[in-house]
Number of protein chains: 2
Amino acid sequence: MKEKNSKNNRISLSEVARAAGVSKMTASRVLRGEGGYSEKTRDRVMEKVDQLGYLPNRLATVFAGDQSSTFVGVSIPDLGNEVFAQVLEGIDRKLGSFGRQTVLGLTQHTQQEEENWIRTVLSWQPAGLILTGRYHSPRATEMLRNAGIPIVEIWDLNSSPLDMSVGINHFDSGFDMGRYLTSCGYSNIGYVGTSHDTANAATTRLDGFCKAVEGGGGRVVKQLCLHDTATYYPGFYGTEQLLASGSGVECIFYQNDAMAFGGLQYCGSKGMQVPQDIGIAGWGDLPIASVIARRLTSMHVPHLKLGQAAAEMMIGRLNDEPVETCRDIGFRLIPGTTVRNA
Amino acid sequence: MKEKNSKNNRISLSEVARAAGVSKMTASRVLRGEGGYSEKTRDRVMEKVDQLGYLPNRLATVFAGDQSSTFVGVSIPDLGNEVFAQVLEGIDRKLGSFGRQTVLGLTQHTQQEEENWIRTVLSWQPAGLILTGRYHSPRATEMLRNAGIPIVEIWDLNSSPLDMSVGINHFDSGFDMGRYLTSCGYSNIGYVGTSHDTANAATTRLDGFCKAVEGGGGRVVKQLCLHDTATYYPGFYGTEQLLASGSGVECIFYQNDAMAFGGLQYCGSKGMQVPQDIGIAGWGDLPIASVIARRLTSMHVPHLKLGQAAAEMMIGRLNDEPVETCRDIGFRLIPGTTVRNA
DNA sequence: AAGCTTTAAGTTACCCGTAACGTAAGCATA
DNA sequence: TATGCTTACGTTACGGGTAACTTAAAGCTT
């Protein structure tokens with residue numbers, strides 16, 4: 001019934017060695033190019049390797065030595081959000097160029113999923129982990145501490161990371177947006193986002209945003225946290241809900257650009273003029289934002305670069321190079337044309 | 001210098017067993033809940049497991065038995081393309097729910113990258129592979145054949161797959177689009193896409209498209225294959241190039257929606273009316289397409305479902321269930337409002 | 001030619017679990 | 001009381017590589 005698969009019929013090093021008439025150890029040396037064999041022997045072994053189609057078993061190698069694997073576990077909340085897809089792309093490209101492989105985990109923004117994934121992936125002896133976010137469950141934190149491998153926490157800059165951290169200060173980015181909107185003359189401002197119950201970067205942004213708005217004499221009159229994904233359509237109906245509540249909102253800040261596009265679309269469908277009738281500001285600066293007719297007011301974050309930086313820090317640490325433990329990748333406000341100009 | 005990391009200081013089963021005063025084997029039985037031990041023993045072992053923070057080493061488990069790992073290798077061309085990000089999300093979610101992990105490989109649309117990745121990932125004894133596309137290098141094909149593990153080729157439906165295949169018939173989808181545009185009264189049609197030298201699904205779509213257009217009495221007067229990524233900006237400048245060549249194009253079909261948005265933007269910036277002055281058709285139906293004011297004429301493909309289906313086929317095969325080897329996930333034409341209505 | 005070093009191997013032990021088999025104690029049965 | 005069966009363990013061997021050690025032969029010195 002349950003047929004044994006793979007391995008059994010795979011060619012092993014012993015078989016190559018036997019075919020070449022040498023010991024396993026000699027074949028191993030040849031394959032690693034470690035020296036200690038004659039040219040004749042090398043050629044004989046390599047000939048058999050090609051002939052038999054031998055593929056080394058890295059599981060055994062890791063197992064044998066004290067080396068850790070070439071895997072790096074990478075946890076990402078979700079890929080529906082283009083931003084994280086780009087971060088992942090940056091990570092995987094860079095890791096790949098250093099001979100490392102990405103083991104993916106989509107945590108769906110929950111600590112429980114993340115914890116489960118961490119447990120599983122650690123059992124595979126990864127060389128290191130790259131995690132999105134700085135908030136982990138207590139059990140996860142304990143496992144991470146005990147793992148004794150390099151860990152990079154990305155996205156949300158963490159001045160006291162588990163190990164290393166790269167990202168931006170979300171509070172500051174929210175603060176800057178709040179200050180900008182205030183400087184544009186808005187004082188009654190709304191917010192549309194999603195809630196994931198747990199603390200996260202979006203919440204931190206909102207905190208910074210409110211602080212700046214209130215500090216500037218304005219008010220965040222309405223905060224809407226939908227139980228939904230942070231995508232276009234929730235942005236659309238979230239805007240509808242917010243405006244229906246009649247709180248005199250002049251401008252809306254969204255959790256991200258996708259939601260802001262939804263809001264833009266809602267306003268357009270109701271004949272409202274942007275920014276004359278209402279201001280719209282997103283966050284994240286999606287690639288499409290730069291090509292759509294109306295330039296969305298947003299906050300640019302170098303996503304690809306962020307991913308690459310995370311991978312570089314990981315590689316550096318794995319190679320025992322000195323690595324800064326905390327790296328701020330920065331952000332940049334995109335004034336755009338969807339809020340009125342002061 | 002090169003400090004030994006991980007493993008060495010990780011708690012092993014023997015240590016748990018010793019602490020609990022039983023043999024390794026008994027501890028192993030307890031952890032697998034396989035029976036053959038007393039309650040008292042179980043409690044003692046589990047107490048030590050918690051106390052020492054023992055995490056099993058799956059490498060050793062795989063190694064010990066003849067089982068293969070819980071890894072599934074997944075190769076994807078790139079994540080800048082939202083479409084593939086969604087496919088990957090579908091795959092990883094589904095695999096994860098069955099206790100499998102995704103080992104990612106971004107092939108950047110090249111067979112050489114794919115081949116390198118396949119070689120590496122096979123050395124990790126994956127349970128199976130999910131590959132995007134049906135075209136692989138000869139060496140890759142040989143390795144895949146010899147691997148003796150389930151393989152799902154996705155995206156481009158393949159009636160004679162290496163093992164299993166799920167996707168759509170790109171020729172047909174191009175054909176349908178060609179027929180539709182022809183039926184809208186267009187006869188001088190242009191195409192803007194990218195070339196990756198090798199055969200791929202986009203090329204197949206174009207073939208089907210040309211066939212339908214020519215069969216309907218029209219002509220694909222200008223085909224532009226840029227050496228660039230299939231994203232917004234190349235769509236923008238590709239449109240500029242195409243129109244500058246003055247070939248009297250009435251309508252443009254793009255490799256994907258992102259490029260079509262770029263084209264839409266170019267036309268808008270030049271004061272051209274869509275669809276009065278020129279028709280624009282994309283492919284793929286990006287999520288944003290449904291929320292932008294103007295509904296883009298496109299071809300809808302259920303990306304997430306495609307990914308899930310691929311994962312399901314993989315899981316089915318791994319569980320020795322009967323699995324259809326070829327699954328057509330289908331597509332649907334979105335008439336949209338960016339081409340004129342016949 | 002004896003003694004030493006280098007080269008090109010082979011041998012052994014080990015990594016961490018699990019399969020397969022062995023065994024001692026407890027209990028029921030004839 | 002002898003026999004067989006069950007329960008609850010323990011012991012041994014193994015998987016595919018590699019580190020560390022050993023060995024045999026060849027090359028070099030003096």
Side-chain angles (χ1 to χ4, degrees), chain A residues 2 4-46 48-49 52-70 122-125, chain B residues 2-46 48-49 52-70 122-126:
Chain A
K2 186 184 280 185
K4 315 194 164 195
N5 58 10
S6 71
K7 293 187 55 178
N8 339 15
N9 35 22
R10 286 262 185 85
I11 311 295
S12 77
L13 187 60
S14 322
E15 296 172 73
V16 172
R18 183 145 26 86
V22 298
S23 73
K24 237 170 52 161
M25 200 56 220
T26 298
S28 173
R29 281 191 271 250
V30 169
L31 275 154
R32 282 175 298 143
E34 182 224 38
Y37 46 82
S38 66
E39 277 192 34
K40 212 165 35 173
T41 303
R42 187 195 59 204
D43 294 345
R44 212 146 24 108
V45 171
M46 291 314 286
K48 292 299 171 188
V49 164
L52 299 173
Y54 169 72
L55 283 180
N57 182 341
R58 299 285 274 110
L59 249 53
T61 306
V62 172
F63 196 52
D66 276 325
Q67 340 168 6
S68 53
S69 70
T70 59
L122 280 180
S123 75
W124 289 104
Q125 320 292 109
Chain B
K2 187 184 276 185
E3 295 208 33
K4 316 195 161 195
N5 58 10
S6 72
K7 294 187 55 181
N8 340 14
N9 35 22
R10 285 261 185 86
I11 310 297
S12 76
L13 187 59
S14 322
E15 296 174 71
V16 172
R18 183 144 28 86
V22 298
S23 72
K24 240 169 48 161
M25 200 58 222
T26 299
S28 172
R29 280 191 271 250
V30 169
L31 274 154
R32 282 174 297 143
E34 182 225 38
Y37 46 82
S38 66
E39 275 192 36
K40 212 164 33 170
T41 303
R42 186 194 60 204
D43 293 346
R44 213 144 25 105
V45 170
M46 291 313 286
K48 292 299 170 187
V49 164
L52 298 172
Y54 170 72
L55 282 180
N57 182 341
R58 298 285 272 109
L59 248 53
T61 308
V62 168
F63 202 55
D66 272 327
Q67 338 166 8
S68 54
S69 71
T70 58
L122 279 180
S123 74
W124 289 104
Q125 318 293 111

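Heavy atoms only: backbone and side chains are in, while hydrogens, waters and symmetry mates are out.
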Between OG1 on residue A:Thr26 and OH on residue A:Tyr37, distance to nearest 0.5 Å: 10.5 Å

B:Lys40 NZ - D:dT7 P separation (whole Å): 17 Å

Under-4.0 Å side-chain N/O to phosphate OP1/OP2 contact, B:Ser28 with C:dG17: no

Minimum side-chain heavy-atom gap B:Leu31-B:Tyr54 below 4.5 Å: yes

Heavy-atom side-chain contact between B:Val30 and B:Val22 under 4.5 Å: no

Protein-nucleotide distance (A:Arg18, atom CZ; C:dG10, atom C1'), rounded to Å: 16 Å

Between the first and last five pairs of the helix from C:dA1-D:dT30 to C:dA30-D:dT1, the angle of the axes, rounded to 10 degrees: 50°

A:Arg32 vs D:dA19: side-chain N/O to OP1/OP2 distance below 4.0 Å: yes

Set of side-chain hydrogen bond (donor to acceptor under 3.5 Å, both in side chains) partners for B:Ser14, sequence neighbours left out: none

Spacing of B:Leu13 atom CG relative to C:dC16 atom P, expressed in whole Å: 10 Å

Pairing residues for A:Ser123 by the side-chain contact (heavy atoms from CB on, under 4.5 Å) criterion, not counting sequence neighbours: B:Arg58

Rounded distance (Å) that lies between atom P of C:dC14 and atom CZ of B:Phe63: 16 Å

N or O in side chain of B:Tyr54 less than 4.0 angstrom from C:dC16 OP1/OP2: no

Minimum heavy-atom distance between A:Leu52 and A:Ile11, given as atom pair plus value: O-CG1, 3.5 Å

By side-chain contact (heavy atoms from CB on, under 4.5 Å) - contacts of B:Leu122 (at least two apart): A:Arg10, A:Leu55, B:Ile118, B:Pro126, B:Leu129, B:Met143, B:Ala147, B:Ile149

Report all interatomic pairs (protein N or O, nucleotide N or O of nucleotides 8-11 of chain D) with separations under 3.5 Å.
residue : atom : partner : partner atom : Å
D:dC9   : OP1  : B:Thr41 : OG1          : 3.1
D:dC9   : OP2  : B:Ser38 : N            : 2.6
D:dC9   : OP2  : B:Ser38 : OG           : 2.6
D:dC9   : OP2  : B:Thr41 : OG1          : 2.7
D:dG10  : OP1  : B:Ser23 : N            : 3.4
D:dG10  : OP2  : B:Ser23 : N            : 2.8
D:dG10  : OP2  : B:Ser23 : OG           : 2.6
D:dG10  : OP2  : B:Thr26 : OG1          : 2.5
D:dG10  : N7   : B:Arg29 : NH2          : 2.9
D:dG10  : O6   : B:Arg29 : NH1          : 3.3
D:dG10  : O6   : B:Arg29 : NH2          : 3.2

Residue list, side-chain contact (heavy atoms from CB on, under 4.5 Å) with A:Arg32, at least two apart or on another chain: A:Met25, A:Ser28, A:Arg29, A:Glu34

Partner set under side-chain contact (heavy atoms from CB on, under 4.5 Å) for B:Ser69, not counting sequence neighbours: A:Trp124, B:Val62, B:Phe71

Interatomic distance, B:Asn57 CG vs C:dC14 P [rounded to whole Å]: 18 Å

Atom-to-atom span, CG of A:Leu59 to C1' of D:dG15 - whole angstrom: 11 Å

Phosphate OP1/OP2 of C:dG17: any B:Arg58 side-chain N/O under 4.0 Å: no

